[in-house]
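Following: one structure in structure tokens, then a few remarks.
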2 protein chains.
Amino acid sequence: MTNPTIKDVAKKAKVSIATVSLVIHNHKRIPQKTKAKVLAAIDAFNYYPSHSARGLVNRKSGNIGFVLTEDHFLRTEPFYTQIFIGTEFEAHANEFYVLLTTINPNFRSSDKLPRFILERNVDGLIIAGKVPLLFIKKINKFNIPTVFIDYLPPAKNSITVLPDSFKGGELATNHLIQYGHKEIAFIGGDIEHPSIIERFNGYKKALKDAGIKIDERMIDIEESYPGKSNGFSAAERLINKNKNITAIFTCNDAMAIGAMQYLKDRGIKIPDDCSIIGFDDVVSDNVIEPELSTIRIPKMEMGVEAMKLMADLLKKNLKESKKVLLPIELITRESTIRI
Amino acid sequence: MTNPTIKDVAKKAKVSIATVSLVIHNHKRIPQKTKAKVLAAIDAFNYYPSHSARGLVNRKSGNIGFVLTEDHFLRTEPFYTQIFIGTEFEAHANEFYVLLTTINPNFRSSDKLPRFILERNVDGLIIAGKVPLLFIKKINKFNIPTVFIDYLPPAKNSITVLPDSFKGGELATNHLIQYGHKEIAFIGGDIEHPSIIERFNGYKKALKDAGIKIDERMIDIEESYPGKSNGFSAAERLINKNKNITAIFTCNDAMAIGAMQYLKDRGIKIPDDCSIIGFDDVVSDNVIEPELSTIRIPKMEMGVEAMKLMADLLKKNLKESKKVLLPIELITRESTIRI
DNA sequence: CATAAATGGTTAAACGTTTAACTAAGTTAA
DNA sequence: TTAACTTAGTTAAACGTTTAACCATTTATG
């Protein structure tokens, strides 16, 4: 048989289609006897309501759009992938589908918006990572409930899920301080990014609390993007400027890997000559040597949390501004050592 | 204004909604003049047809389901992620949305099928990687057009996209032979998997062609899963059995990494004492040392190809059985050396 | 000039649900 | 006994499209 419809079920149960619908929605008007009869028919046909028909009358798509920039999606580290998995997982629980799409990181105002926005095929939007302001402005016109992950848009009334970067920065730096380090460098990229800047602030706070003077020469935040090769360049500048560094805190693992490469090339032994700690915990399967100490971000959990907020938001039990900080965790591995 | 509908457009253009629809579908009956008028109105409202309404009348969802097992999705290497990106990319071109879902690798017949199948919310299914036979059997009842990626289901009438594993196995082995190696070991896991077995066959073929005798003691295909820790164990067995190995071909990069770990631990220098070559090219960003020679699989391209096949399949210009082998490529890096 | 054919558009049914409004029958209360 | 409720269901409109069938003009044909 072809796809069974509510009519087939109604006929079989000898009731009207309205009754079938009411049963499906657990309407109190329907007594047990009728309910059972209808449910039996539903079962017999293995009937499920058509998504499109429902969408049409309810003016809901049942879909949540997941947006991130192409470059983020193509990154080899599974950072945003893990976040996506989290949303996907929680979507199950809330009976949503997740539609993923990428946008150009250099979004121009003439660029088309993702099709699912134009077609009103999503009930909500989850935006992961930094996206162009122009994009945000343009979608604002559509008034779609939106949750951000790992990015705090400038407009102050957003719902956002972030890792606790400030605490992470403190934690990483304190870890080095407790290991006896005093000459602790910081490497950052894309310093405007709210997460990065907080890590930097955490670094400065920890140093200050420990009575260590913040030295401009120990800080390199020039790079515009926190990637591996930029980590290499930053380490190069830093070391050339400053021979007595005993530890480096990089704003993420990718930069840490680049920095490690430079140190190795230069003959500086890790961790014996120099400790290094990253952020994110994305280096897969301990494949790098020495294994990298880092601050773990709960990536899947961030996705889960975002989708939970979305569900609340769509049920209207959420005001339009909320910032959720997810706890981070220090992971001590081989790249940091007591001095 | 709230979501504009075809009615709004029709009113503004002073035509019937049928005319608007015909314009949208580029029907030849409509002359330029009318078309322009309607298009102007469409533009004025920034109108896009409702996805649900269309789906309802066309009996099409416009969605393609992407299915893989949970464990595959959670793997840290971006293998299936890259494939997914490929399908997503090509989906854009064909105006599809991709709905991703995972299934339990130990799918029981009592388990529920993915919701999008039950609700008939997908027009086609792309299944990536090995999935339980029971699952395949169960979805067969729904008669949904299906394309497989990186897995050849036993039923012979499938449409499948695979890397050319046989040629890859030959290529990898020949590379080692050309480098003067004669004692070449093979490490495999999940040897029943069509891709793995082909790599193994390629290995044997290359040895035979080179007049090298195939030695059972040089082969370890015991492990049930081709992962990192199993690569470690396999290397251990192999080395203990057999001291004169000068090169190893592992069925994938994950096992190669595990094997490298064992060799390093044991004090065997790579590549000086032993060359090693993997398969897949998933080791991110040259993070491992020495950098791993491997056979590159065109992962994104596999996704793209699968979605193209799906588009053809849905347009009915494709018979129900087709096997597409995508070309692989030898990547020579640091882990293989001339003897 | 009468008729056939081409052109350009409209009408209305259909897709599969949801739900407000209604109805019919049974129950309660004064 | 009768009016007022309650209960259990049905009817019908609506959601926003698509498209076959139809109609009215205009143009071509013999």
Side-chain angles (χ1 to χ4, degrees), chain A residues 1-42 45-63 95 115-116 118-123, chain B residues 1-42 45-63 95 115-116 118-123:
Chain A
M1 165 176 208
T2 169
N3 289 2
T5 74
I6 199 172
K7 272 188 201 162
D8 301 316
V9 173
K11 195 180 292 177
K12 172 146 209 168
K14 296 191 201 308
V15 294
S16 71
I17 63 167
T19 302
V20 176
S21 181
L22 293 175
V23 167
I24 290 170
H25 291 89
N26 254 309
H27 197 286
K28 46 190 165 241
R29 179 131 15 124
I30 310 293
Q32 269 308 319
K33 214 179 70 175
T34 314
K35 202 174 196 169
K37 198 170 57 174
V38 171
L39 286 177
I42 286 179
F45 284 122
N46 196 21
Y47 164 78
Y48 280 81
S50 144
H51 197 76
S52 299
R54 277 194 155 171
L56 185 56
V57 33
N58 292 330
R59 278 101 165 283
K60 295 239 172 75
S61 66
N63 302 325
E95 306 252 292
R115 198 162 52 93
F116 56 48
L118 298 171
E119 287 179 347
R120 312 315 206 270
N121 194 25
V122 290
D123 303 334
Chain B
M1 165 180 209
T2 169
N3 290 0
T5 73
I6 199 171
K7 272 187 200 161
D8 302 317
V9 174
K11 195 180 291 175
K12 173 145 211 168
K14 296 192 203 308
V15 294
S16 70
I17 63 167
T19 302
V20 176
S21 181
L22 293 175
V23 166
I24 290 170
H25 291 89
N26 252 310
H27 198 286
K28 45 192 165 229
R29 183 142 359 137
I30 311 293
Q32 269 310 318
K33 215 179 67 177
T34 314
K35 201 175 197 168
K37 200 171 53 175
V38 171
L39 286 178
I42 286 179
F45 283 122
N46 197 19
Y47 164 77
Y48 281 80
S50 143
H51 197 76
S52 299
R54 278 192 155 173
L56 185 56
V57 33
N58 293 330
R59 280 101 166 283
K60 296 239 172 74
S61 66
N63 301 326
E95 306 251 293
R115 198 164 51 96
F116 56 49
L118 298 171
E119 286 179 349
R120 310 317 205 266
N121 194 24
V122 291
D123 302 333

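Naming convention: chains lettered A, B, ... in sequence-line order (proteins, then strands); numbering from 1 in each chain.
Each of B/P31 and B/R59 has a nearest nucleotide on DNA chain C; the 5'-most of these lies closest to B/P31. Mapped onto DNA chain C by nearest heavy atom, B/K28 and B/L56 fall at different nucleotides, with B/K28 at the one closer to the 5' end.
When the nucleotides D/dT17, C/dA12, C/dT18 are ranked by their closest atom to the side chain of A/I6, C/dT18 comes out on top. Looking at the side chain of A/L22, the nearest of the listed nucleotides C/dT19, C/dG16, D/dG16 is C/dT19. Each of D/dT10, C/dT18, C/dC15 was ranked by its minimum atom distance to the side chain of A/K7; first place goes to C/dC15. Ranking C/dT10, C/dT17, D/dT17 by closeness to the B/T5 side chain, first place goes to D/dT17. Side-chain atoms of A/V57 lie closest to C/dT17 of the nucleotides D/dT17, C/dT17, D/dT10.
The two atoms that bring B/N26 and B/K35 nearest to each other are OD1-NZ, 2.8 Å, heavy atoms only. Residues B/P49 and B/I24 share a closest heavy-atom pair of CG-CD1, 4.2 Å. Nearest heavy-atom pair, B/L56 versus A/S50, reported as atom, atom and distance to 0.1 Å: CD1-OG, 4.5 Å. Contact detail for B/S61 and B/N121: the closest heavy-atom pair is OG-O, 3.1 Å. Of all heavy-atom pairs between B/V38 and B/V15, the closest is CG2-CG2, 4.1 Å. Residues A/A41 and A/A13 approach most closely at CB-CB, 3.9 Å, considering heavy atoms.
Contact annotation: A/H25 side-chain N/O to C/dT18 OP1/OP2 distance is under 4.0 Å. Between A/S16 and D/dT10 there is a side-chain polar atom (N or O) within less than 4.0 angstrom of OP1 or OP2. Remark: B/R54 is not in phosphate contact with D/dG16, judged by side-chain N or O atoms under 4.0 Å from OP1 or OP2. Taking side-chain N and O atoms only, A/Y47 has a distance below 4.0 Å to OP1 or OP2 of C/dT17. One finds a side-chain N or O of B/T19 lying less than 4.0 angstrom from the OP1 or OP2 phosphate oxygen of C/dT10. One finds a side-chain N or O of A/S21 lying less than 4.0 angstrom from the OP1 or OP2 phosphate oxygen of C/dT18.
Rounded to an integer number of Å, the gap from NZ of B/K14 to C1' of C/dG8 is 19 Å. Computed from coordinates, the B/H51 NE2 to D/dC15 P distance equals 20 Å when rounded to whole Å. Computed from coordinates, the B/K60 NZ to D/dT18 P distance equals 12 Å when rounded to whole Å. Note: CD (B/E119) to P (C/dC15) measures 20 Å, nearest angstrom. Computed from coordinates, the A/D8 CG to C/dG16 P distance equals 9 Å when rounded to whole Å. Look at CD1 on A/I42: it is 10 Å from P on C/dT17, rounded to the nearest Å. Between the P atom of D/dA14 and the CG atom of B/N3 lies a distance of 19 Å, rounded to the nearest Å. Between the CD1 atom of A/I17 and the C1' atom of D/dT11 there is a distance of 10 Å, rounded to whole Å.
Using a 4.0 Å heavy-atom cutoff across all strands shown, A/S52 reaches no nucleic acid atom at all.
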